[in-house]
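So that the names make sense, note that chain A is the first sequence line, chain B the second, and so on, each numbered from 1.
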Amino acid sequence: MADSMEGVVKEGEEHTENVEQKTVADIRGNFTLLERAVAQFDARFTLRALRSISSLRKRLTDRVLCSVIVLTYAPTNPTARVLIEATGLDGGAIQAVVAQYKDEIQSNKGNQKDPLPEVDVYIAILIQVFLFDNKEYEEGAEFSSQLVDKIRELNRRTLDSLASKAYFYFSLFHEELDPKPPSKQSPVITIRGKLLAALRSAVLRKDEDTQASVTTLLLRNYISTADITQADLLVAQTQFPATAPNNQVARYLYYLGRIRAIQLSYTEAHEHLTSATRKSPTNSIATGFYQASTKLLIVVELLMGDIPDRALFSQPRLERAMEPYFRLVQAVRVGDLQGFLKIVQIFAPTFQRDGTYTLILRLRQNVIRTGIRMLSLSYSRISLRDICIRLGLESEESAEYIVAKAIRDGVIEASIDHEKGFMQTKQAGDVYATREPGEVFHERIRACLALHDECVKAMRYPMNQHRLELKNAQEARERERELAKEIQEGDIDEDDAAGDFDGL
Amino acid sequence: MAYIRHRIFEGCRPVLTAPLRISMTKPPEQAPKVAATCAIPTTLPPPPVKKTTPTSTSTCAPAAPISFIPTTHPPSAPSNMAENDLRDVIKQLHQTLHSRKYQQATSLLSRAKIALLHLNALIPSETTPKKHNLLARETLELGALTSIRLKDPVSFTRYFQQLQPFYSLPENVLPKEGGNSSKVTGLYLLLLLSDGDYAGFHTLLETLEVAAAQAGSKGLEEDVFIQYPIRLEQALMEGSYDRVWGETKSERVPSDEFGMFSEVLIGTIRKEIASCSEKAYPSIPISDAKSLLFLDSEGSVVNFAKESGWAVKDGRIYFPQQEDEFDTKDILVTSDQVIENTLGYARELETIV
């Protein structure tokens, strides 16, 4: 029994050893990708190396990182020292790792050259991920600050996509430090200077990856402490790079939508948020982002006086998170003021957590307007007292002013008889006799055409492919010429070629 | 000469700062006495360096007759003097505000601000002592309230902006107690509202909401000064103008300063009501219009109607008839638009196919 137990333990150890070895091999395999990226100046290889982080993430341990460093660098390399220190492994453990890989280190010794800075940064990013997953935020923040400083000094275009990732974790670590935002003493405020400097350098160096990611990080930073004015100024003063990765564009649009919603430009906010939800990745990793942007989108739609589609709420990855919003939409749709206030009260903590509370409070007038609209559609004439009772308003005078405002704003087509105290609905004309359907139709066609244009722009072509095609075309032309020559010379008889056909 | 002056000055700078460090932590005891004799309330305090150079720097003082005010570490004696002076000025400010002599307050305020500059406390820094922060906040708040009384929105906005760094200080550095942060913020919200700057209003509100949620216990709901503009905004947006009218009455206003905006707000709602009435009523008796527009006499109703271009006949106001909207939306009028669109589609299709 005891034997078998030991066996199990041993097996387990061997298993972890294997996983470790494999992880180390995987990471080192990515170095070749990075080297190729530098040699061919093609960012796609770097991106592929970065993409593998999500699969490496679960297998990262301090031992793995240490092994990779030991195997990659010469023992005297100063970078290696800094990196190993950051993993937080103590002296004894490091010695053990070195002993384990003794042979390989020995064999490497002859042909060792200094690794590329890309490899340095890649390992550093892995360390960042490792520290973040182990909740070592203090160490991570300090290490990241050093890292981004070093990256800024390096100024290599092949580092760009790596740099944007490093900045991402740099900002993430500081967000986790106490006191957390939205406190005005949060460390996120102190890193603004560094991020702004990074943005400036990125723009000057035409480093669009870093530019995009730092812009979104800054916006997130400002919004986290509710400095909306500053965020707005940043948007006004900077240009978001057109070639930014899709994920960054989605984030940027989300923050932009948020700013515009707070500033009451609902149409703009709606536009940005719709694009953000559409651009958000469809896999389960980005569900949080999708939910957050959809929540905001729903509130903005309600504020614009629209009712979101029922189908939106029945998506499997939204259903549960959207429940409070679904109830909210129901209340607004029927113009039930009391029900609306009740829902706001019940779900206030949820809305506050989502950052939609202040926006939802603005909905009150929309609820009233919807209510008036419903009444004007159902009755051709209704007394102000009844309106007041139906909508739960405070006084008849209030009702009169509110109805008058609704008429002026074009919510309803009606008139008020002040002396007799009723609202008279005007006969609605035929909408199809106006140009309105045409306008809506035009709008939709334009949207389709814009979608087509965007699709064309989003297509990617392999580099230098057109030359290959040119070459092919030239070859084809040559073949044709040869064929023509042969025909001319009579090697292939035209009758011959078609002869069989006749025979049939 | 200038060059020599510079050299000498450079040379004596370390001498200057060395005793300062000490004096910052341990103020000399005789300083208040000096301040009491020096502080002449009617004139501005003299530039501090020349008069009160510490004895240790006297060797280089005659050689450097430049009115140099060290910005990082002011000498202790003038700082104490400035502090006492400031306390004095603030006391006077309270008195003038109490007796409603607002013009006089402005000159006092500029003196107070100069004193603050001598203390280097106009903008809070990590080294600014707590009592200076308290004094600075009090001065700026008084300034803000005075500007409201003087109906000077530009200067009020400036004071409000200057107060922001103080309000964002943590509780242990500068306690909220004793400050007027919610009053000043409420007034600023009201100012934005009366300007019709709804975007600014909501942006600020969002900040407040987040801050309140973070502070936890006491939310915005209990803050009368903040709730007042919020209530007004809600009433304005949904159109219950009678509620706005009710709120502007003096007994409903949370403090006197808020009443300063009532006039502007009533003007705003009257204009709003007028534009709504034009659309909502075909005609209305003058007596009803009087109550509707919150005017005090029928004569003023007639005047108002004339200003707005309404016809007054047989004790009724007739609003100008709006033309039917369908005419403007007629499809035939827009045929050129339709043709243009269709041509556009054709062109796009050509590029696609």
Side-chain angles (χ1 to χ4, degrees), chain A residues 179 181-185 224-229 232 259 262-265 352 355 357-359 361-362 364-365 368-369 393-395 397-410 413-419 423 429-430 433-436 438-439 441-442 445-446 449 452-453 456, chain B residues 167-170 173 198-211 213-214 230 233-235 237-245 269 272-273 275-285 288-289 291-292 324-326 328-331 333-334 337-338 341 344-345 348-349 351-352:
Chain A
S183 163
K184 286 281 178 204
Q185 282 76 46
S224 71
T225 53
D227 289 316
I228 308 298
T229 329
D232 181 38
I259 296 169
I262 290 168
Q263 293 176 330
L264 290 101
S265 347
Q352 261 163 354
Y357 186 66
T358 39
L359 293 177
L361 285 186
R362 292 186 212 165
R364 194 183 133 92
Q365 38 155 329
I368 295 174
R369 281 186 179 192
L393 298 174
E394 278 154 39
S395 64
E397 285 81 42
S398 275
E400 187 170 348
Y401 286 121
I402 291 171
V403 171
K405 191 166 191 283
I407 294 171
R408 188 201 54 178
D409 294 347
E413 295 270 333
S415 66
I416 303 172
D417 193 318
H418 183 78
E419 286 124 310
M423 172 182 96
D430 182 12
T434 68
R435 64 179 181 196
E436 215 158 299
E439 274 167 8
F441 189 49
H442 176 59
I445 292 177
R446 229 176 32 200
L449 290 173
H452 172 265
D453 283 352
V456 171
Chain B
Y167 289 157
S168 63
L169 287 174
V173 177
Y198 292 105
F201 180 88
H202 282 288
T203 311
L204 181 58
L205 203 59
E206 179 81 16
T207 318
L208 293 175
E209 195 79 42
V210 169
Q214 212 230 336
I230 291 179
E233 193 264 353
Q234 217 172 51
M237 286 312 266
E238 65 184 42
S240 23
Y241 299 119
D242 56 324
R243 265 173 60 201
V244 183
W245 171 252
I269 57 168
E272 283 281 309
I273 295 170
S275 83
C276 290
S277 311
E278 275 180 18
K279 296 272 160 60
Y281 307 100
S283 71
I284 197 169
D288 290 353
S291 60
L292 208 63
D324 215 344
E325 282 195 9
F326 279 115
T328 56
K329 280 190 175 178
D330 191 6
I331 195 141
V333 186
T334 59
Q337 183 79 44
V338 176
N341 286 349
Y345 305 149
E348 290 279 351
L349 274 176
T351 60
I352 292 170

Which bit of [X] is near chain B, if near means a heavy-atom gap under 4.5 Å: side chain, backbone, both or neither?
X	result
A/His418	both
A/Ser395	side chain
A/Glu394	side chain
A/Ile416	both
A/Leu264	side chain
A/Gln352	side chain

Find the one option among [options] whose heavy-atom pairs under 4.5 Å with chain B are most numerous.
options	value
A/Ile262, A/Ile368, A/Leu359, A/Thr358	A/Ile262
A/Glu419, A/Arg408, A/Glu397	A/Arg408
A/Arg369, A/Glu439, A/His452, A/Met423	A/His452
A/Gly355, A/Ala404, A/Gly438, A/Ala406	A/Ala404
A/Ile228, A/Leu393, A/Ile445, A/Leu361	A/Ile445
A/Ile402, A/Asp409, A/Val403	A/Ile402

Counting only heavy atoms closer than 4.5 Å, note whether [X] contacts chain A via side chain, backbone, both or neither.
X	answer
B/Leu169	backbone
B/Glu272	both
B/Thr351	neither

Would B/Arg243 and A/Ser398 count as having a side-chain donor-acceptor pair, cut-off 3.5 Å?
->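 Not at all, the side chains of B/Arg243 and A/Ser398 share no donor-acceptor pair under 3.5 Å.
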
Going from CE on B/Met237 to CZ on A/Arg362, what distance comes out if it is rounded to the nearest 0.5 angstrom?
->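 With rounding to 0.5 Å, CE (B/Met237) is 8.5 Å from CZ (A/Arg362).
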
OG1 of A/Thr229 to CD of B/Glu206: how many Å apart, nearest 0.5 Å?
->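 Rounded to the nearest 0.5 Å, the OG1-CD separation comes out at 11.0 Å.
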
Does any non-hydrogen side-chain atom of B/Ile352 lie less than 4.5 Å from one of A/Leu449?
->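 The answer is yes; the side chains approach within 4.5 Å.
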
Under 3.5 Å, side chain of [X] to main-chain N/O of [Y], donor-acceptor pair present?
X	Y	result
A/Lys405	B/Ser240	no
A/Tyr401	B/Leu292	yes
B/Thr203	A/Gln263	no

For A/His442, side-chain contact (heavy atoms from CB on, under 4.5 Å) partners two or more places apart =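 Listed in chain order: A/Arg446, B/Asn341, B/Tyr345.
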
Would you name the heavy atoms of B/Ala280 and A/Ile407 that are closest together and state the gap between them?
-> CB-CD1, 3.8 Å

Per-residue tally against chain A (heavy atom, under 4.5 Å) across B/Asp288, B/Leu349, B/Asp242 peaks at B/Asp242

